[in-house]
Amino acid sequence: MATEAVPAADVGAELALRMYEQMQRIRSFEERVDQLYRGAKMPGLAHLYVGEEAVAVGVCEALRRDDYITSTHRGHGHCLAKGASMDRMFCELLGKEEGYCRGKGGSMHIADHENGNLGANAIVGGSTGIATGAAFSAKARGTDQVAVCFFGEGALGQGVLYEVMNMAALWKLPVVYVCENNSYNEYTHFSETTSGDIGARAAAFGIPAEEVDGQDARAVYAATHRAVERARRGEGPGFLVCETYRYHGHHVGDVDRAYYRSKDEEERWKSERDPLRLLRTWIVERGFADEGELERIAHDVEAEVAAAAEHALEAPFPDPSEVDKHVYAG
Amino acid sequence: MATEAVPAADVGAELALRMYEQMQRIRSFEERVDQLYRGAKMPGLAHLYVGEEAVAVGVCEALRRDDYITSTHRGHGHCLAKGASMDRMFCELLGKEEGYCRGKGGSMHIADHENGNLGANAIVGGSTGIATGAAFSAKARGTDQVAVCFFGEGALGQGVLYEVMNMAALWKLPVVYVCENNSYNEYTHFSETTSGDIGARAAAFGIPAEEVDGQDARAVYAATHRAVERARRGEGPGFLVCETYRYHGHHVGDVDRAYYRSKDEEERWKSERDPLRLLRTWIVERGFADEGELERIAHDVEAEVAAAAEHALEAPFPDPSEVDKHVYAG
Amino acid sequence: MSTPAEVTVPKEHEGTREISLAQAVNEALAEELRRDPTVFLIGEDVAEAGTPFKVTSGLVEEFGTERVLDSPISEAGITGIGLGAAMTGMRPVVDIMFGDFLTLVMDQLANQAAKAHYMSGGRLKVPLTIRTTLGATRRSAAQHSQSLHAWVSHVPGLKVALPSTPYDAKGLLKTAIRDDSPVVFFEDKMMFAAKGPVPDGEYTIPFGVADVKREGEDVTIVATSSMVYVALEAADRLAAEGVSAEVVDPRTLVPLDRETLVASAKKTGRVIVVDEGHRSYGASAELAAAIGEEAFYWLDAPVRRAAAMDVPVPFSPVLEDQTVPTPDSVVELSLSLVGKA
Amino acid sequence: MSTPAEVTVPKEHEGTREISLAQAVNEALAEELRRDPTVFLIGEDVAEAGTPFKVTSGLVEEFGTERVLDSPISEAGITGIGLGAAMTGMRPVVDIMFGDFLTLVMDQLANQAAKAHYMSGGRLKVPLTIRTTLGATRRSAAQHSQSLHAWVSHVPGLKVALPSTPYDAKGLLKTAIRDDSPVVFFEDKMMFAAKGPVPDGEYTIPFGVADVKREGEDVTIVATSSMVYVALEAADRLAAEGVSAEVVDPRTLVPLDRETLVASAKKTGRVIVVDEGHRSYGASAELAAAIGEEAFYWLDAPVRRAAAMDVPVPFSPVLEDQTVPTPDSVVELSLSLVGKA
Ligand SMILES: Cc1ncc(C[n+]2csc(CCOP(=O)(O)OP(=O)(O)O)c2C)c(N)n1
Ligand SMILES: Cc1ncc(C[n+]2csc(CCOP(=O)(O)OP(=O)(O)O)c2C)c(N)n1
Ligand SMILES: [Mg+2]
Ligand SMILES: [Mg+2]
């Protein structure tokens, strides 16, 4: 993440390459999670972020380490983009003691508070209150921290989102709502579940809303940067609608998808709007790096993923006596 | 209520006089409720509708007897406007067996299903789902009934309202949301609890919203008529914001109000925008009736109220054995 | 842990088929949709997807999208719409995908649906069925593994059913849909594959009638939902140890068949309640207290409870498997009760 | 029915004042707001109005609208905001006006607040206090009269306090606010006027420590919240009949002081649990089951329960008054237990 804010306009070489690397890390991490599932090495299921990398990375690059995020059931990308380490994430996915949650949370509950990640959430819309409360807290404590609330467009169905947006607007809280519109609520197209206009729902509460190409990391970064700096200045909440797409199924087990979306549609997104390819092309055009250097990044990331997964597979499970620890604090 | 719909434009003598009488009935009923409370003759509390009469009457006159309404904690006005009888209402307020709910519901739970009133509700926003479901049912059963959902502006704070508006718009349900904006959530001004624009909140879901002078029964009638007939034709939900004012306290016990609103403000509404006086003046100007006839109406209503209250005071309480009846149906 | 799939319930009579609990639920829904035009299904991904558990597969194809509706992710909203529809002539079946999401519909259920009939002096009726799930050990962690049936059982006006076999599931669900009061119907996610005999013809099972799944003399094991399989497996092992266990399934928590529970307790003099809700302030407490009150003078030992540990359900398998009652823990408890441990 | 106002608890020591429970709660809030800048209050009409019960009167004047916030009517929203603030360095006190509205916050409480610490492996903390109410007989009907403490007591990760006296209310609320786990704090609306002695100085009361409100030999009456006054009045009358009743107030349901309850049960051999929640699947079931499990061999009779009738709370006084435990019903039950009826 940028340690201090970069002006939206110039996405220079450093930022572009960092974003590319982060997106690559998410993609490779998730592909490995899929392998672990298919190899029956991971308990339970996981919701992969592949295809949506530009959203998490574009947003988090516009944040400081001490800014907050809240995440979703599809949270690995947010977690990595906010600075989490792969080995502790893999450990969590495998239920190992070294995991971010000592194996108690799993894929849908990874939290990494040292990096401001207040946690993934398995309740759709379940973290909208948390993010808004973190923004309330930042304001009350007199810091200039900002909170970002990631949620899928399915969370637009949860009433609590409107309750907290109303208060965020009333009290000018430094929170940015980031709607990741990947067109599907599980197996149902969002047009069957979502009436009217998404941005207008935020605007009705007096929250400026902006639509963003969620496959263009630079556009996401710029839009987030505007909203975050506005919030930091005490000018209140913002709302982004990022159009994006998940390449895999709703979760790793969702392989036969023909009944709810076509292979064509999937192919079109992959071939025409892949966030990594789009950024890669731009970087090369700009001369920020050549294909070789980008290959090297991908290669190093692969090595990092392999080592982290390896480590996690070897790591010990928590001691059975852990089961009744941490029910209550202190 | 009009047995069949009257075109919005012409509010003729008959409708105007019926609306005046209904508004008078609500006002006199409520003033008597206040007396019963102050005379320690009524158990518990009640939320009086005095000052808001034009909303309930203007809306319900645009409905058929078989159309549905759902009501609120401030529900006596809706109940009378939809056709309820005063004696059974007084009986309910006094916990008598003859009451609409056999004394089990009381002021905040009167339901009168023969007239399509699915009930008052003591949960703010608690009947938004019921009204929307009744509209769903009307559509599913292939009738052309319409459902009206009354709620105070305070209910804009309840997320479930947005959940059901989304579905009402998606499925073009025949429901009209009527927001009674009397400026106060209990003891807090709505501007402290409500961000952005109220109508825009509905519009964002694709629901046409209209602002109405809630003190002008004819304006309320006309706007409701438009929305109801649209809904009846299968063109989907509507949303009305009616600006109005409650003359009494939040409930009968709320007498010292200076800390949250000024006597001045109260006086201004009463002297300048009293819904009964406004309609009365118009009726006389139009020559639909003279002061004498209007006096006679008021006089007859007084007699009806007195007789109904008297009857209720004499009526028997339910048998103690009723306590565990009606927990389950059938 | 024992997954019900491992267990099969003995055939009861001729003219039956072995079908899974998921199929039994699907048949009940299809039959009621066929016989009553006012019945409809609403929920997230219930149409083409047939729910994540594939329980409603095929229904939208037969009954169309007017009667099998994919909804937005609005549990409170769809429950409220179901309630309003129920008050006005329909018989909705609302699908709440995970029982954990009951947290979102408690106002619609407890303040609205449960009370409308009583508050209206019997004038409004709410023939609403809420289908939802319970049960852990799916590695789904704390927000997708809860068994919250105790909450709704505590609300007068709601009925609560939690079948353990395909036969019971089909018969009880049909009864639920035809009931004029709101019913919350719990299916254990781990049981959907469990097979059992179901008669070919139409049948319903009345609420408030417990079923003795196995007769015994020495100890009574009262078990709910999938815990019935845990109890049956424990009973098998106990038999090997010379202990004869009776397994009683209440099938509905509201209304509760106290008579059958108490009669079994009086017969054996020793009782264990096995339930997958959290132990403290859970359904097992009511069952234990009710039996303790009415069978006290016949009991040779205190009524014991085997329930979910009082911890949020952890993800890691080594932790999660400790949190639920197992045949081992029930056998152990039983042996200690009969003084064999 | 007995309204606590009729009862006054005997002075315990010098340097005390007789104040109402409402004042005691107000003092606890004021003291914690003063000593810790991270404490704030949020709720509907908590500022200028001081809540409908006037419990928070004067606080906004001293601490300002930044720390005493009037909120929109958004129970789920303010609980979620409180949760997020609690995770990030604040100690919010969220006011849920009527306990009946807990229906709207169960997801924020049960799925989020209660589980965050555990799910994060102990890394996230949620020092959140939810203040709400319970209790009937105010002629407020079914949606404003419930006592839903059993629901939250069933959720691991939440602590639950329900004080009966001004002294306990002040000491327990200060403990709740300083606790690093989420606490749901119940005040009976009928008790706000109840007066009792409160020391001048600062003090707190630890959770999980029951208080014997009256010592006795023949029967133990375990009572919660305002039912303590019902129990004390019953005990007075029983004394006149020559029956010595011990009244034990758990004060917190989670953590629960089983030792004190069980010790009293073992001493008297007869136990009645009095709680204002609905009887079935209520808190009284857990208290009865827990005592039945641990004191079984010392009991001369089954543990009996006096709780709210399993009906929505009716409006009509002739009906409502039948639904709650009263000194009469507790006396009757006690006499039957000791074989004097
Ligand atoms: C309150 C709630 N309802 C239903 C679910 C089941 N569920 C999990 S993910 C999901 C779809 C979410 O869609 P969206 O918000 O668009 O996120 P995406 O999966 O597309 O990233 C559903 C319905 C849930 N987890 N929480
Ligand atoms: C969910 C819920 N929260 C809080 C309350 C307490 N309460 C009763 S009426 C009211 C104010 C309602 O204001 P509004 O909706 O504008 O209706 P009005 O009283 O102005 O007619 C509140 C907060 C309630 N009944 N339900
Ligand atoms: Mg989506
Ligand atoms: Mg208002």
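Chain letters run A, B, ... following the sequence lines, proteins first and then strands; every chain starts at 1.
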Undergrad: Testing C:Met309, C:His278, C:Arg279 for side-chain contact (heavy atoms from CB on, under 4.5 Å) with D:Pro156, which one passes?
TA: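 Considering C:Met309, C:His278, C:Arg279, a side-chain contact (heavy atoms from CB on, under 4.5 Å) with D:Pro156 is found only for C:His278.
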
Undergrad: With a 4.5 Å cut-off on heavy-atom pairs, point out which of C:Pro312, C:Ala114, C:Ala289, C:Ala295 contacts chain D the most.
TA: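 The answer is C:Pro312.
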
Undergrad: Find the one option among C:Leu253, C:Val303, C:Leu104 whose heavy-atom pairs under 4.5 Å with chain D are most numerous.
TA: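 Ranked by heavy-atom pairs under 4.5 Å with chain D, first place is C:Leu253.
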
Undergrad: Could you look at C:Tyr297 and say if it's the side chain, the backbone, both or neither that has a heavy atom under 4.5 Å from chain D?
TA: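 For C:Tyr297, side-chain heavy atoms alone lie under 4.5 Å from chain D.
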
Undergrad: Is there a donor-acceptor pair closer than 3.5 Å between any side-chain N or O of D:Gln143 and the backbone N or O of C:Asn111?
TA: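 Yes: the side chain of D:Gln143 pairs with the backbone of C:Asn111.
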
Undergrad: Output the distance between atom CH2 (D:Trp151) and atom CG (C:Leu148), rounded to the nearest 0.5 Å.
TA: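 Result: 11.0 Å between the selected atoms.
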
Undergrad: Which bit of C:Ile291 is near chain D, if near means a heavy-atom gap under 4.5 Å: side chain, backbone, both or neither?
TA: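 Neither part, no heavy atoms under 4.5 Å.
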
Undergrad: Find the one option among D:Gln108, D:Glu294, D:Glu293 whose heavy-atom pairs under 4.5 Å with chain C are most numerous.
TA: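 The residue among D:Gln108, D:Glu294, D:Glu293 with the greatest pair count is D:Glu293.
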
Undergrad: So if I take each residue of residues 256-273 of chain D and look for any heavy atom under 4.5 Å from a heavy atom in chain C, which residues do I end up with?
TA: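 Expected list: D:Leu256, D:Arg258.
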
Undergrad: Using non-hydrogen atoms only, which part of D:Gln146 is less than 4.5 Å away from chain C: side chain, backbone, both, or neither?
TA: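 Just its side chain gets close to chain C.
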
Undergrad: Which region of D:Val155, side chain (C-beta onward) or backbone (N, CA, C, O), has a non-hydrogen atom less than 4.5 Å from a non-hydrogen atom of chain C, or is it both or neither?
TA: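 Contact with chain C is through the side chain of D:Val155 alone.
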
Undergrad: For chain C, which of D:Ser280, D:Gly157, D:Gly277 has the most heavy-atom pairs under 4.5 Å?
TA: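 With the most close heavy-atom pairs to chain C, the winner is D:Ser280.
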
Undergrad: Between C:Tyr281 and D:His154, which heavy-atom pair has the shortest distance, and what is it?
TA: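 Heavy atoms only, the tightest pair is O-ND1, 3.2 Å.
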
Undergrad: Can you tell which part of D:Leu299 gets under 4.5 Å to a heavy atom of chain C, answering side chain, backbone, both or neither?
TA: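 For D:Leu299, heavy atoms of backbone and side chain both lie under 4.5 Å from chain C.
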
Undergrad: Is it the side chain or the backbone of C:Val311 that comes within 4.5 Å of chain D heavy atoms, both, or neither?
TA: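 For C:Val311, the contact with chain D is made by backbone and side chain together.
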
Undergrad: Given heavy-atom pairs under 4.5 angstrom as the criterion, report whether the side chain, backbone, both or neither of D:Ala301 touches chain C.
TA: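 For D:Ala301, backbone and side chain are both near chain C.
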
Undergrad: Are there residues of residues 115-122 of chain D that reach to under 4.5 Å of chain C by heavy atoms, and which ones?
TA: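 Checking residues 115-122 of chain D against chain C gives D:Lys115, D:Tyr118, D:Met119.
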
Undergrad: Is C:Ala76 close to chain D through its backbone or its side chain, or both, or neither, when contacts mean heavy atoms under 4.5 Å?
TA: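 Neither part; nothing is under 4.5 Å.
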
Undergrad: Quick check for you: among C:Ala288, C:Gly292, C:Ala142, which has the greatest number of heavy-atom pairs under 4.5 Å with chain D?
TA: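 Going by pairs under 4.5 Å, I would pick C:Ala142.
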
Undergrad: So which of C:Ala285, C:Pro302, C:Gly282 has the largest heavy-atom pair count under 4.5 angstrom toward chain D?
TA: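 The candidate making the most pairs under 4.5 Å is C:Pro302.
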
